[in-house]
There are 2 protein chains.
Amino acid sequence: MAETIIPKATAKRLPLYYRYLTFLANAGTTKVSSTELSEAVKVDSATIRRDFSYFGALGKRGYGYDVKDLITFFKKILNQDRLTNVALVGVGNLGHALLNYNFRQANNIRISAGFDLNPDIAGTIQSGVPIYPMADMVEQLKEQQIEIVILTVPTDAAQDITDGLVKAGIKGIMNFTPLRISVPSYVRVQNVDLATELQTLIYFLEHYGPTLKDAEADKAQ
Amino acid sequence: MAETIIPKATAKRLPLYYRYLTFLANAGTTKVSSTELSEAVKVDSATIRRDFSYFGALGKRGYGYDVKDLITFFKKILNQDRLTNVALVGVGNLGHALLNYNFRQANNIRISAGFDLNPDIAGTIQSGVPIYPMADMVEQLKEQQIEIVILTVPTDAAQDITDGLVKAGIKGIMNFTPLRISVPSYVRVQNVDLATELQTLIYFLEHYGPTLKDAEADKAQ
DNA sequence: ATTGAAAAGCGAAATATTGCACAATATTGC
DNA sequence: GCAATATTGTGCAATATTTCGCTTTTCAAT
Ligand SMILES: NC(=O)c1ccc[n+]([C@@H]2O[C@H](COP(=O)([O-])OP(=O)(O)OC[C@H]3O[C@@H](n4cnc5c(N)ncnc54)[C@H](O)[C@@H]3O)[C@@H](O)[C@H]2O)c1
Ligand SMILES: NC(=O)c1ccc[n+]([C@@H]2O[C@H](COP(=O)([O-])OP(=O)(O)OC[C@H]3O[C@@H](n4cnc5c(N)ncnc54)[C@H](O)[C@@H]3O)[C@@H](O)[C@H]2O)c1
C-alpha cells in the first residue's frame, strides 16, 4: 500500500489526467506540456506539475511529458491494467442507467452482478448483467470476490443493505443515496449526491459573484 | 450577492444539513445539537458549529439548535422557498433517470424542459416533461428564462451544445460528460464525473491504508 | 558546439479548511 | 434562586492544498 502517500486532492485528479492522456494518444499526439494539459482539464499547470512530481520526475525539462510514458505509468497506478469487477445494488432508474453505460471501454471496470428486491427484475439479465435476488447478495458477493458496490437503492433501505455489504466483505461503496451510511473504518464510502450537487450549484449562482476565479468546481468534489 | 462570503467547503455542506434537518422536523424533533447532527451527516461537530456561525449565532448555548429555526433560515439561503426550474439536454440513459427522479419533493427543483437530437424523443413528453428538438433549445431556454441546465449528452457533442447554452444565457451547467467544457467566466460548471469517482474509489482502496481517519469522502468535491 | 527558448521540478509563501480546547452562556432540576 | 450540566461560538494551531517564482535541464536551431 501507499508508496509515498499522495494528497487526496491529487488522487482525485488522476483519472482525469489519465482520460485526457488516452485521448491524446488516440489522436496520435506523442508529447504534452503541463500548460496544454492545463487547458484541457482546467487545472492549473503548476498543480499538474506538482501532482506528477509526487510520482517522481516523469517529464523532461524544456520538453514536456511523453504521452505514452505517462499512460503506461498511470495505467498501472490506476489499476487500469486489470479488469475491476463491481456489483450494483438497486436496479431502478439510476441503476439501469449505470448498467447500460460501458465503464469497461474507458475505465476497465465492469459491473458483473446486480441485485434487486423486485422479483420482476431479480433472476433476469439486464444489459448483459445477471440480476440476483437480495437473498443471494452476501453469498454471491463473497463467491465472486467483489469488493466494490454501487448503491442505488431507495434511501430507506440503504443502511440495512450496507450492513449486509459489510458482512459480505465489501471494501468500498459508491453511495448514490442521500443517506450518509455508517460503515466500519476499513470500508470506504464515496458519496455521489446528485440533488446536493444541484443545490450547491444553485447556491453558488445566487450567492457568489460571477466566478471568483474558479470557473469550475470540485471537488468537487 | 454574497452577504458575507462563505467558504466554498461550507457551501457544499449546506444542502446536506438542510436535508437532515427536514428529516428531523418530519420526525417531530424540535431541537438538535451539533453532536447529534455530526453523527447523522458524518461531519465533525466543530465544523458544523463553525459552518453555522458564518450565518450568525443560530443556536443557544447549553441547549442546541432549534430545528424549525434552522430550517426557516436555510430554506431561504438555499432558495428552497421558491421553485427552481432547470432544463435537461440529452434524454438518454442518465437523462431519463434524472427525469424520473422527483427533485421537487426534497429540493424544490423541477426539470421543466428537455432537449434531444433524436426525433423519436423530441416532441414527446417524458415523465411529464416536454422534450424539444435541439433546434428549439436556445429559443425555449430564453423564453422559459431557464438559467440552469443538466448536460447528459454524448461527450462529442458537449462543447458545441455548451456554446449554444451560453448563447441562451445559461448561468450554470451540471455537466455529466467527462469533458471539461469551456465556458465564459460568468458561467459556473459543476462537474459530475461518475467514472472518475469510481476510479478514485478504486485508487483509494488500493493505495491508502484502511481509512486514514476519513471513513467517507468529499468534498469533494 | 553555442545559444535561446521552453518547460519541468521544487522551495517557500499564500490560501483554505479542519479540529482542538475552552470560556461563555443557557437550560434544567432541585 | 442556585448548582450542575449541556452545548454553543471561536481563538488558535494543525493540516491540506494551491500557487508563485525561480533554478535547472533539455531541446532545437543555428
Ligand atoms: N434517479 C435520480 O436521478 C436520483 C437523483 C438523486 C438521488 N437519487 C437517489 O438514488 C437512489 C436510487 O434512485 P432511483 O431513482 O434509481 O430509485 P428507484 O426507485 O428507481 O430504484 C430503486 C431500486 O431499488 C430496488 N429496491 C427497493 N428496495 C430494495 C431493497 N430493500 N433491497 C434491494 N433493492 C431494493 C427497487 O426495486 C428499484 O429497482 C435513491 O436513494 C435516490 O434518492 C436518485
Ligand atoms: N450512463 C452512465 O451511467 C454514465 C456514466 C458516466 C458518464 N456518463 C456520461 O454521461 C453522458 C450521457 O450518458 P448516457 O449514458 O446518458 O448517454 P446516452 O447515449 O444514453 O444518451 C445521450 C442522449 O443524448 C442525445 N444526443 C446525442 N447527440 C446529441 C446532440 N448533438 N444534441 C442533443 N442530444 C444529443 C441522444 O439522442 C441520447 O438521448 C455521456 O457523456 C457519458 O459519457 C454516463
Side-chain angles (χ1 to χ4, degrees), chain A residues 2 4-14 16-17 21 29-67 69-70 73 200 204 208 212-221, chain B residues 2 4-14 16-17 21 29-67 69-70 73 200 204 208 212-221:
Chain A
T4 349
I5 206 80
I6 303 300
K8 244 173 58 166
T10 295
K12 287 188 190 171
R13 285 187 292 265
L14 298 182
L16 188 62
Y17 299 147
L21 289 168
T29 312
T30 58
K31 72 162 185 168
V32 67
S33 71
S34 59
T35 316
E36 289 170 79
L37 258 177
S38 173
E39 272 161 41
V41 300
K42 311 276 194 275
V43 171
D44 187 89
S45 68
T47 301
I48 293 177
R49 289 197 297 279
R50 171 83 51 186
D51 284 346
F52 287 2
S53 77
Y54 289 119
F55 300 100
L58 302 178
K60 291 180 196 168
R61 295 173 188 220
Y63 174 81
Y65 299 89
D66 185 277
V67 173
D69 286 357
L70 282 185
F73 185 79
T200 301
F204 281 150
Y208 287 65
L212 334 142
K213 134 191 253 189
D214 40 22
E216 65 104 66
D218 214 25
K219 39 298 199 157
Q221 88 103 67
Chain B
T4 350
I5 207 79
I6 302 301
K8 245 172 58 164
T10 295
K12 287 188 190 172
R13 284 186 293 264
L14 297 182
L16 188 61
Y17 300 147
L21 289 168
T29 313
T30 58
K31 71 161 186 168
V32 67
S33 71
S34 59
T35 317
E36 289 172 79
L37 258 177
S38 173
E39 272 161 40
V41 300
K42 310 276 195 275
V43 171
D44 186 90
S45 69
T47 300
I48 294 178
R49 291 197 296 280
R50 170 89 50 191
D51 283 347
F52 287 3
S53 78
Y54 290 120
F55 300 101
L58 302 178
K60 291 180 197 170
R61 292 173 190 222
Y63 174 82
Y65 299 89
D66 184 277
V67 173
D69 285 358
L70 281 185
F73 186 80
T200 301
F204 281 148
Y208 287 66
L212 335 141
K213 137 189 251 187
D214 40 22
E216 64 105 65
D218 214 23
K219 21 84 168 138
Q221 176 150 47

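Keep in mind the model is a prediction, meaning the values are calculated, not measured.
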Taking N or O atoms only and anything under 3.5 Å, show me the protein contacts with nucleotides 4-7 of chain C, one pair per line.
from	atom 1	to	atom 2	distance (Å)
C/dA7	O4'	A/Gly62	N	3.3
C/dA7	N3	A/Gly62	N	3.4

For A/Thr10 and B/Ala57, take the nucleotide of DNA chain D holding the closest heavy atom to each; which residue's nucleotide lies nearer the 5' end? B/Ala57
In whole angstroms, how far is the C1' atom of C/dT25 from the CG atom of B/Leu58? 16 Å
Going from CD on B/Glu39 to OG on B/Ser45, what distance comes out if it is rounded to the nearest 0.5 angstrom? 9.5 Å
As a quick check of understanding, evaluate side-chain contact (heavy atoms from CB on, under 4.5 Å) for B/Phe73 and B/Leu21, giving each step before the final call. CA-CA 11 Å; B/Phe73 186 80; B/Leu21 289 168; over 6 Å; no
Provide, to the nearest angstrom, the distance between the CD1 atom belonging to B/Ile6 and the P atom belonging to C/dT17. 11 Å
Grab the CZ-P distance between A/Arg13 and D/dA16 for me, whole Å please. 15 Å
Check whether any side-chain heavy atom of B/Tyr65 lies under 4.5 Å from a side-chain heavy atom of B/Ile48, and answer yes or no. no
Can you find a side chain N or O atom of B/Thr47 that sits less than 4.0 Å from OP1 or OP2 on C/dT18? no
Checking B/Arg13 against B/Thr10 for the side-chain contact (heavy atoms from CB on, under 4.5 Å) test, could you report, in this order, the C-alpha distance in whole Å, the side-chain angles of both residues, the deciding distance, and whether it holds? CA-CA 5 Å; B/Arg13 284 186 293 264; B/Thr10 295; 3.7 Å; yes
Whole-Å distance between C/dT17 P and B/Ile5 CD1? 11 Å
Between C/dT17, C/dG11, D/dG9, spot the one nearest the side chain of A/Arg50, thanks. C/dG11
Looking only at atom types and distance, does a side-chain atom of A/Tyr208 sit under 3.5 Å from a main-chain N or O of B/Ile6, one as donor and one as acceptor? yes
Should C/dA14 form a Watson-Crick or G-U wobble pair with both distances under 3.5 Å, which nucleotide is its partner? D/dT17
Taking atom P of C/dG19 as reference, at what distance in whole Å does atom CG of B/Leu37 sit? 15 Å
Mind checking whether A/Asp69 and A/Leu58 have side chains closer than 4.5 Å, heavy atoms only? no
Please report the distance, rounded to the nearest Å, between CG in A/Asp51 and C1' in C/dA8. 14 Å
To the nearest angstrom, the NZ-P distance between B/Lys8 and C/dT15 comes to 16 Å
Do A/Leu14 and A/Tyr54 come close enough that some side-chain heavy atom pair is under 4.5 Å? no
Given atom CG of B/Asp66 and atom C1' of D/dT7, what is their separation to the nearest angstrom? 15 Å
